[in-house]
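So the structure is just underneath, and the comments pick up after that.
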Amino acid sequence: AAMASAGGDPGVDKASPDLQYMVRELLVGETDDADFARALSHGIVDRDHFLQLRWNSQFGTVWIDGQHTNFHVELGDEILCSAHAIPLRIFYRHDRH
């Protein structure tokens, strides 16, 4: 639900172990290929791959899944994201799926 409300793909199987990602504030420079950058700003990472990011601002914070989990980063830091996390347990009401 969170990814769908953020503009992600609502059709992704909820039982999938893959990681869906979306860049919320994409910064594209004047000489960058904006269409290429936008195409890479969202997608799926399966368990055989990872997403590698390089922080290009002096200082900042990366927020993961809302306001509670964050990491302070600085220029040149690299961030690796993978689908190798503990499976998320989802609880449904019996009358909804």
Side-chain angles (χ1 to χ4, degrees):
M3 280 301 301
S5 68
D9 183 355
V12 173
D13 181 2
K14 291 178 180 67
S16 172
D18 297 342
L19 171 70
Q20 184 176 180
Y21 70 91
M22 178 168 230
V23 178
R24 293 281 308 261
E25 297 179 23
L26 181 63
L27 302 176
V28 180
E30 291 179 11
T31 60
D32 294 333
D33 182 342
D35 292 333
F36 180 72
R38 275 190 213 92
L40 294 177
S41 69
H42 60 282
I44 304 285
V45 177
D46 63 31
R47 293 182 61 81
D48 295 329
H49 296 90
F50 59 88
L51 177 67
Q52 181 176 0
L53 307 168
R54 181 182 183 279
W55 192 259
N56 284 331
S57 295
Q58 202 65 28
F59 300 101
T61 304
V62 174
W63 299 87
I64 306 295
D65 194 25
Q67 65 183 7
H68 302 293
T69 305
N70 64 68
F71 301 92
H72 297 285
V73 290
E74 55 187 62
L75 185 63
D77 283 352
E78 292 190 2
I79 303 155
L80 296 176
C81 302
S82 76
H84 290 275
I86 297 169
L88 176 65
R89 294 176 57 179
I90 300 174
F91 298 93
Y92 293 104
R93 289 181 14 199
H94 292 292
D95 60 342
R96 293 185 65 191
H97 291 277

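Here, residue 1 is the first one in the sequence, and each next residue gets the next number.
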Do Val62 and Ile79 have side-chain heavy atoms sitting under 4.5 Å apart? yes
For Val23, give me all partners under side chain to side chain contact (heavy atoms under 4.5 Å, CB included), at least two apart in sequence or on another chain. Leu26, Ser41
On a heavy-atom basis, the closest approach of Tyr21 and Leu40 is OH-O, 3.2 Å
Verify the cluster assignment for Leu53 and Val45: are they in a single hydrophobic cluster under the rule of side-chain heavy atoms below 4.5 Å apart? yes
Side chain to side chain donor-acceptor pair (under 3.5 Å) partners for Gln58, two or more places apart: none
For the residue pair Pro17 and Ala83, what are the closest heavy atoms and their distance? O-CB, 3.3 Å
Run the side chain to side chain contact (heavy atoms under 4.5 Å, CB included) test against Ile44 and tell me which residues pass, sequence neighbours left out. Val12, Asp18, Gln20
Can Phe50 be reached from Phe71 by stepping across I, L, V, M, F, W or Y side chains whose heavy atoms are under 4.5 Å apart? no
Can you sort out the partners of Asn56 under side chain to side chain donor-acceptor pair (under 3.5 Å), two or more places apart, ordered by chain and number? Arg54
If a pair satisfies salt bridge (Lys or Arg N to Asp or Glu O under 4.0 Å) and one of its residues is in residues 34-50, list it, with sequence neighbours excluded. Asp35-Arg38
Sequence neighbours left out, what passes side chain to side chain donor-acceptor pair (under 3.5 Å) with Thr61? Give chain and number order. His72
Is any side-chain heavy atom of Leu19 less than 4.5 Å from a side-chain heavy atom of Cys81? yes
Approximate separation, where rounding is to 0.5 Å, of Trp55 CH2 and Glu78 CD: 13.5 Å
